[in-house]
Amino acid sequence: MALLVQSGVENFARNICGTFSFAADGARLAYMNGWDENEAFEAAAVPLSQRALMAARPAPYLDDLNPAQREAVEALDGPVLMLAGAGTGKTKALTARIVHLLRMGKARPNEILAVTFTNKAAREMKLRVGRMLGEVAEGMPWMGTFHSLSVKILRRHAELVGLKSNFTILDTDDQIRLLKQLIVAANIDEKRWPARMLAGMIDGWKNRALTPERVPSSEASGYAHRGTELYAQYQERLRTLNACDFGDLLLHCVVIFQAHEDVLAQYQRWFRYILVDEYQDTNVAQYLWLRLLAQGHRNICCVGDDDQSIYGWRGAEVGNILRFEKDFPGAHVVRLEQNYRSTPHILAAASGVIAGNAGRLGKTLWTDVKEGEKVRLIGHWDGEEEARWIGEEIEALQRGRRGLDPVGLDGQAILVRASHQMRAFEDRFLTIGLPYRVIGGPRFYERQEIRDAMAYFRLAVSPEDDLAFERVVNVPKRGLGDKAQADIQRTARQAGVALHEGARELVANGGIGGKGAGQLRAFVEGIDRWHWFVSNTHNPVEIDRYSERLVTLRVEREARLEQLAVLAEGDPLAEDLRLDLSRLASRIAVCKRDLDILDGSHMLLAEMILEESGYTEMWQNDKTPEAPGRLENLKELIKALEQFDNLQGFLEHVALIMDNETEEAGEKVSIMTLHAAKGLEFPVVFLPGWEDGLFPSQRSMDESGLKGLEEERRLAYVGITRAEELCTISFASNRRVYGQWQSQLPSRFIDELPQAHVEVLTPPGLYGGGFGAAAPFAVSSAMDERVSKADVYNSPGWKRMQDRVQTRGVAQPQEARGMVIDATAVSAFSEGDRVFHRKFGYGIVTGIEGDKLEIDFSKAGIKKVVAGFIVAAEDADDVPF
DNA sequence: AAGGCGATGTTTTTT
DNA sequence: ACATCGCCTT
């Protein structure tokens with residue numbers, strides 16, 4: 001073991017020195033780090049002009065900063081918490097800090113660990129550090145996402161968690177498929193206990209850095225009391241497959257750090273300074289990962305905004321940022337509060353809403369800007385009307401209106417709570433021909449055709465990849481159904497080999513009949529052939545062999561051509577010769593292609609695989625409207641291969657890079673979810689669908705109670721603060737929910753908007769005359785109690801309306817409002833209790849998790865509900881209505 | 001083995 | 001309303 005660790009460390013050191021190319025930008029680094037410049041220049045052979053450039057700009061990055069930013073940048077040593085409100089220039093401060101660390105000689109580029117959540121953020125940071133330094137920042141090997149950095153570390157120490165360093169990274173599809181197998185094997189009714197649910201639980205545990213044996217027994221009741229058992233089996237299975245899921249990447253790192261002091265110490269020495277972006281989004285595993293690495297020198301700088309924590313539902317712990325000063329006593333806390341993005345009204349509206357949350361670290365955003373429009377608020381009859389109005393408004397703003405400068409479509413965005421809300425806008429914009437773009441739809445590498453193609457590539461690289469085999473063994477249809485696939489599985493398991501070998505054996509011993517047999521043989525041989533090409537790339541012997549064959553074929557062609565030339569016109573032999581020639585031509589083409597593949601053209605190899613497997617053909621023959629798009633995507637995929645040296649390299653990276661890069665040109669309105677909008681900004685922002693139950697989402701409140709509501713409120717805060725100039729909030733009185741028309745009430749967040757910063761619009765057209773003019777009313781203006789029926793939806797009296805509805809106790813779906821949610825209420829229940837929920841009816845408690853109860857409702861099925869919403873069945877009569 | 005029909009459950013999403 | 005999924009038919 002010691003030997004392994006030792007060699008790992010050596011490997012590691014070599015890797016870092018190799019990755020960090022001193023030669024590339026040695027001069028600049030030498031300058032900033034105070035090394036012997038002349039020596040470095042000699043060695044690096046960098047043009048002197050570059051040195052001149054650096055010398056001419058002593059420290060421009062510091063002069064660009066405001067006092068708070070500067071404070072955060074200059075506090076280099078010890079723990080620092082940078083509380084950066086929306087639009088306060090946190091990325092600027094973060095990048096300046098990195099540059100400053102380098103310049104002050106505190107660390108070399110390879111000694112800084114800079115962590116982000118998304119590849120996009122990492123890219124952005126690299127770009128900006130590079131720009132500040134005056135060129136591309138090549139030498140920062142440890143700037144990346146939690147996951148990509150974890151992979152890098154894990155590859156070095158895979159053996160410490162029972163993996164080989166070439167482990168594969170599973171996507172969610174593979175994960176679910178694997179779990180399904182285990183569930184079936186465990187004799188569990190997959191219908192009652194879906195694999196997705198188990199996957200969710202396992203993810204949750206991994207997010208909390210819980211290995212199977214560390215899962216608290218209080219949670220053992222989940223998933224038919226067999227959750228932890230299946231979790232353990234799943235981990236075992238992953239190990240045999242030499243694979244990791246996303247959660248494992250972090251979990252394994254944490255486990256290694258915790259169990260191997262020497263390894264941890266090594267990294268603690270390497271990473272002299274640690275920077276973390278979006279700290280409010282870290283989960284427990286990420287928190288431990290960071291804390292372990294920072295433990296020694298405590299040179300950790302976390303940047304975040306507790307008010308923008310919107311990923312609690314996937315394991316993020318706001319608590320991490322709230323607790324920072326306790327975790328790192330003596331931490332230097334800096335607040336970035338000067339906002340460079342939005343007008344005062346927008347900031348005030350956002351602040352007003354977020355003030356409703358308890359337990360904030362607290363920041364007061366301010367701005368130098370004096371002018372600006374109020375946040376606009378408008379009610380509509382229904383969702384379609386809302387979409388219509390927004391469409392017209394966008395076009396009006398595009399033309400320039402009311403003395404406002406025209407705002408291009410790229411500067412306008414619609415931010416919705418849930419993606420299904422996008423449809424109304426897409427429909428409307430299609431009919432009026434308004435160009436739009438949906439941000440954050442299904443990601444490129446998540447598409448079916450891309451995953452299928454990738455499975456083929458995985459098989460070519462490693463034929464023993466059983467998950468890939470399963471995925472495509474019958475795609476395209478090869479007549480290999482459940483029966484045949486079960487036979488393959490059995491044969492493979494008995495022989496203790498991979499499915500690919502099992503299939504070969506099954507074919508060889510005639511264990512499979514019918515047309516499936518031939519097809520399976522072809523599939524197995526295809527994989528062999530593709531794999532042969534992968535393993536013989538650049539093999540000189542094979543290249544010679546193919547070259548010779550190509551020559552032979554060409555000679556043969558010449559011979560035929562000569563024969564043809566001497567034949568008389570109309571000679572019957574000529575036909576045969578021409579046929580021969582065309583056959584020869586295609587053989588030559590194939591041989592040439594094979595030779596190119598052997599020479600290292602992995603793009604041709606990929607094309608060949610998709611061609612020979614019949615995968616391309618399958619989509620060509622497909623008559624569905626999306627087939628052409630899928631073929632287009634496959635072409636894109638091949639194009640993406642170009643940036644990599646080989647298929648292996650491609651597969652390695654793709655697992656972690658899941659973003660969609662296709663950005664078509666042209667001015668377009670952006671439509672996206674509030675989550676997808678975090679970090680973005682637009683001059684004009686529309687926030688539709690502010691209705692209770694939709695936003696805040698009913699489900700969020702049911703499942704997480706007050707915590708959920710507060711997260712929704714942060715989402716509202718994020719939404720408003722995306723706007724630079726103009727922010728328009730809207731709601732509809734009627735909306736179709738799951739096909740049923742439902743009457744909606746304005747969101748409680750609307751009540752929380754400070755009136756002084758809001759302008760209320762009556763909808764043009766439908767009510768109040770239909771002349772298309774938007775007549776502004778001040779919210780504060782006293783309004784006649786005799787509001788007309790039509791005006792109810794946009795009058796300043798919706799508050800009263802809500803009050804009326806509440807005091808009258810009229811049935812409404814939003815009963816969470818005003819309820820006291822008592823986290824301790826959970827203790828009032830135990831498993832087996834018969835209980836009542838106003839929405840789901842009667843049920844039996846089947847488990848307890850934190851402040852939530854898992855209940856098997858007789859009508860609604862199994863749900864997890866906050867205990868505050870539950871009463872004992874015998875008290876059901878006390879529940880209103 | 002493969003395509004057609006009724007029951008089902010519907011947020012947010014990165015890696 | 002709608003898509004997905006498992007089951008049932010051919």
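Numbers restart at 1 for each chain; the letters A, B, ... are given by sequence-line order, proteins then strands.
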Please state whether the phosphate of [N], meaning OP1 or OP2, lies under 4.0 angstrom from any side-chain nitrogen or oxygen of [X].
X	N	result
A:N119	B:dT15	yes
A:R443	B:dT14	yes
A:R423	C:dA1	no
A:S419	B:dT12	yes
A:T673	B:dT13	yes

If I take atom [atom1] in residue [X] and atom [atom2] in nucleotide [N], what distance separates them, rounded to the nearest angstrom?
X	N	atom1	atom2	answer
A:E711	B:dT12	CD	P	14 Å
A:Q485	B:dA2	CD	P	10 Å
A:W193	B:dG9	CH2	P	14 Å

When we call it a touch if two heavy atoms are under 4.0 Å apart, what does [X] touch: a base, just sugar-phosphate, or nothing?
X	result
A:S150	nothing
A:T118	sugar-phosphate
A:F117	sugar-phosphate
A:N474	sugar-phosphate

Taking the six-membered ring for Trp, does A:Y738 stack with B:dT10 (centroid gap under 5.5 Å, planes within less than 30°)?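 Yes, A:Y738 stacks on the base of B:dT10, since the ring centres sit under 5.5 Å apart and the planes are within 30°.
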Which nucleotide in the set [options] lies at the smallest distance from any side-chain heavy atom of [X]?
X	options	value
A:K477	B:dT12, B:dT13, B:dG3	B:dG3
A:W313	C:dA1, B:dT11, B:dT12	B:dT12
A:R314	B:dA1, B:dT14, B:dT15	B:dT14

Start at the 5' end of DNA chain B and walk down; is the nucleotide closest to A:R478 or to A:L715 reached first? A:R478
Quick one: on DNA chain B, does A:L249 or A:A484 contact a more 5' nucleotide (nearest heavy atom)?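 That would be A:A484.
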A:T168 vs A:R458, side chain to side chain contact (heavy atoms under 4.5 Å, CB included): CA-CA, chis, key distance, verdict: CA-CA 9 Å; A:T168 52; A:R458 274 161 63 184; 5.5 Å; no
Which of A:D465, A:D171, A:D173 passes salt bridge (Lys or Arg N to Asp or Glu O under 4.0 Å) with A:R471? Answer is A:D173
Distance (rounded to the nearest 0.5 Å) between A:I750 CD1 and A:S730 OG: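 If we round to the nearest 0.5 Å, A:I750:CD1 and A:S730:OG are 8.0 Å apart.
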Using the rule side-chain hydrogen bond (donor to acceptor under 3.5 Å, both in side chains), only one of A:Q742, A:Q744, A:E386 pairs with A:R735; which is it? A:E386
Give a yes or no on whether A:R196 atom CZ has more than 12 heavy-atom contacts from other residues, nucleotides or ligands under 6.0 Å away.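 12 or below, so no.
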